[in-house]
Amino acid sequence: MTDRTMLQQRTVTSWGNVRKGRHLTAAPAFRDDVPAAVAALVGAGNGLLPYGLGRSYGDSCLNVGGGLIETTRLDRVLAFDTEAGILRAEAGLSLDALHRITVPRGWFVPVTPGTRFVTLGGAVANDVHGKNHHLAGSFGCHVRRLALRRSDGTLMECGPDCETGLFRATIGGLGLTGLIESVEITLVPLASAEVEVENIPFDRLEAFFDLSADSADWPYTVAWVDCLARPPHLGRGIFSRGRPAADGPLTATPPGRPLTMPLEAPSGLINGLTVRAFNALYYRRPGARYCGRSHFQPFFYPLDGILRWNRMYGAAGFYQYQCVVPPDTARTAVPRLLDAISRAGEASFLAVLKTFGDVPPPGLLSFPGPGTTLALDFPNRGRSTLRLMTALDDIVRKAGGRLYPAKDARMPADLFRSGYPQWRAFAEYRDPAFASDLWRRVGAV
């Protein structure tokens, strides 16, 4: 064990700031240091878990009382074929850093989540999805190879045509099959860093489904919804669709600098009154109906415009609740979900609605599947918030849906197991030394 991989005790908090705890951490700077770091954490007991940029909202990124192996110093590009668009990099490389390398050369990630501050390893481990799922599927659909370090020191090369079982378990596997050391992906060509965008307000939920159907040939679609609206405007919102511009500059970052939330906001700042006012203004703002161009960053990553935006929820933090319900139940389940949220008055101004496509999920525990996904942030108000989410669980369960583990901090084990029927097959590939708070809560037997 070298000075570069010394173990340290520190408190680690998830992005939602509801779950936190003390961990023994190692942060290797070079791949040669990884075996010693893994061995040291295994020897310390209580398991270990990979940890990237910490953007998981709940407890899937935590292993309280055990070890975390931090990956962000393992962030080097290992190979980049600029003709074919094939890139291999260490798993700690962030999408933000990746863009700075690939965008000026005319390449972009095939799938991106709602933040660029996620590592390649995190994108694989959570099999992240984006605005183009209906056409491109999830991130794992575009992974060619993974190098996976197991707790016994073995380095496994796996992909769609080698060690396929382990490969499918690692995609969406929440970091529990081992430490991803490197990722090889296929990029997509990019003619411009700009996106042609249309924003279309709609005044009822049924219009969202109509717009989604009419926009099936647009590469990127998503909607913001006013979760506090009541009938006859239940589910009103703004539908956004976009496609890459055919020409323009290839700049990785737009002009200007992001703002920073300097301190935690006072408790109670986000409440029914403030969110109702915000939603009304946002729905009627001049940009609610728009047709034009945007740099890809504000289009894909609107929240990244405010660094540390999670501080807006104060010291108590927040829960994110994201579900997907199948196509045959979506038109009844989504109104019920929105009605329950509106009646409860639990404020969420970050409410996103999206139609997933039918691209087969690549991982045993991949979240995306055909249907409609709804994602919301709820300030942590204790029992009332937990009571609402339990009611939402019941709607999702009856609709045959599931929740997103990367966003979860409290789903019951039965909902996880019904939503992910291949969880037992996944458990066969889990590395016995890798553990997380989420797995102990929902998957361990």
Side-chain angles (χ1 to χ4, degrees), residues 10-23 25 49 51-66 68 70 113-115 117-118 122 126 128 174-175 227-228 258-276 278-279 301-323 340-341 344-352 374-393 403-412 415-416 436-442:
R10 72 182 187 93
T11 298
V12 180
T13 305
S14 69
W15 188 247
N17 202 31
V18 173
R19 300 285 181 253
K20 63 189 73 176
R22 297 288 289 175
H23 293 78
T25 66
L49 184 72
Y51 184 89
L53 286 166
R55 287 305 180 102
S56 294
Y57 288 66
D59 57 2
S60 65
C61 63
L62 301 180
N63 182 33
V64 174
L68 291 181
E70 302 181 75
T115 177
F117 300 120
V118 61
N126 295 288
V128 297
L174 306 169
C227 68
L228 294 180
L259 303 173
T260 299
M261 188 72 183
L263 300 169
E264 287 181 341
S267 297
L269 176 65
I270 298 177
N271 56 56
L273 290 175
T274 58
V275 171
R276 195 176 299 278
F278 170 86
N279 286 359
Y301 316 119
L303 287 176
D304 285 351
I306 304 177
L307 302 178
R308 299 301 303 271
W309 62 262
N310 57 339
R311 290 176 170 175
M312 292 189 294
Y313 289 90
F318 69 99
Y319 291 93
Q320 181 159 115
Y321 190 95
Q322 183 167 3
C323 63
I341 295 162
E346 292 279 340
S348 174
F349 62 82
L350 300 175
V352 175
L374 174 66
L376 311 102
D377 289 348
F378 294 117
N380 177 22
R381 295 196 176 90
R383 291 182 181 179
S384 66
T385 306
L386 294 172
R387 188 164 51 246
L388 170 61
M389 290 189 288
T390 297
L392 302 182
D393 289 347
L403 304 188
Y404 191 12
K407 305 289 184 71
D408 176 65
R410 35 65 57 201
M411 102 170 82
L415 186 55
F416 172 80
S436 71
D437 288 6
L438 179 137
W439 185 252
R440 283 187 286 268
R441 175 164 54 84
V442 302

Side chain to side chain donor-acceptor pair (under 3.5 Å) evaluation trace for Thr115 with Asp304: CA-CA 6 Å; Thr115 177; Asp304 285 351; 3.0 Å; yes
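- Take Cys61 and apply the side chain to side chain contact (heavy atoms under 4.5 Å, CB included) test, not counting sequence neighbours, and it matches Ser14, Tyr51, Ser56.
- Under the salt bridge (charged side-chain N to carboxylate O under 4.0 Å, His left out) criterion, Glu70 pairs with Arg10, not counting sequence neighbours.
- Qualifying salt bridge (charged side-chain N to carboxylate O under 4.0 Å, His left out) partners for Arg440, counting only residues two or more places apart in sequence or in other chains: Asp437.
- Listed by chain and residue number, Tyr57, Trp309, Tyr313 satisfy the ring-ring contact (aromatic ring centres under 6.0 Å, His included) test with Phe318 (two or more places apart in sequence, or in another chain).
- Under the salt bridge (charged side-chain N to carboxylate O under 4.0 Å, His left out) criterion, Arg410 pairs with Asp393, not counting sequence neighbours.
- Take Arg441 and apply the side chain to side chain contact (heavy atoms under 4.5 Å, CB included) test, not counting sequence neighbours, and it matches Asp59, Asp408, Met411, Leu438.
- With sequence neighbours left out, Ala265 forms a side chain to side chain contact (heavy atoms under 4.5 Å, CB included) with Met261, Leu269.
- Nearest heavy-atom pair across Leu392 and Ala340 is CD2-CB, 4.0 Å.
- Checked against side-chain hydrogen bond (donor to acceptor under 3.5 Å, both in side chains), Ser384 has the following partners two or more places apart in sequence or in another chain: Glu346.
- For the side chain to side chain contact (heavy atoms under 4.5 Å, CB included) test, residues two or more places apart in sequence or in another chain that qualify with Ala406 are Asn126, Tyr404.
- The two residues Ser436 and Leu49 have their closest heavy-atom pair at CB-CD2, 3.8 Å.
- With sequence neighbours left out, the ring-ring contact (aromatic ring centres under 6.0 Å, His included) criterion links Phe117 to no other residue.
- Partners of Tyr319 according to the ring-ring contact (aromatic ring centres under 6.0 Å, His included) rule, which considers only residues two or more places apart in sequence or in another chain, do not exist here.
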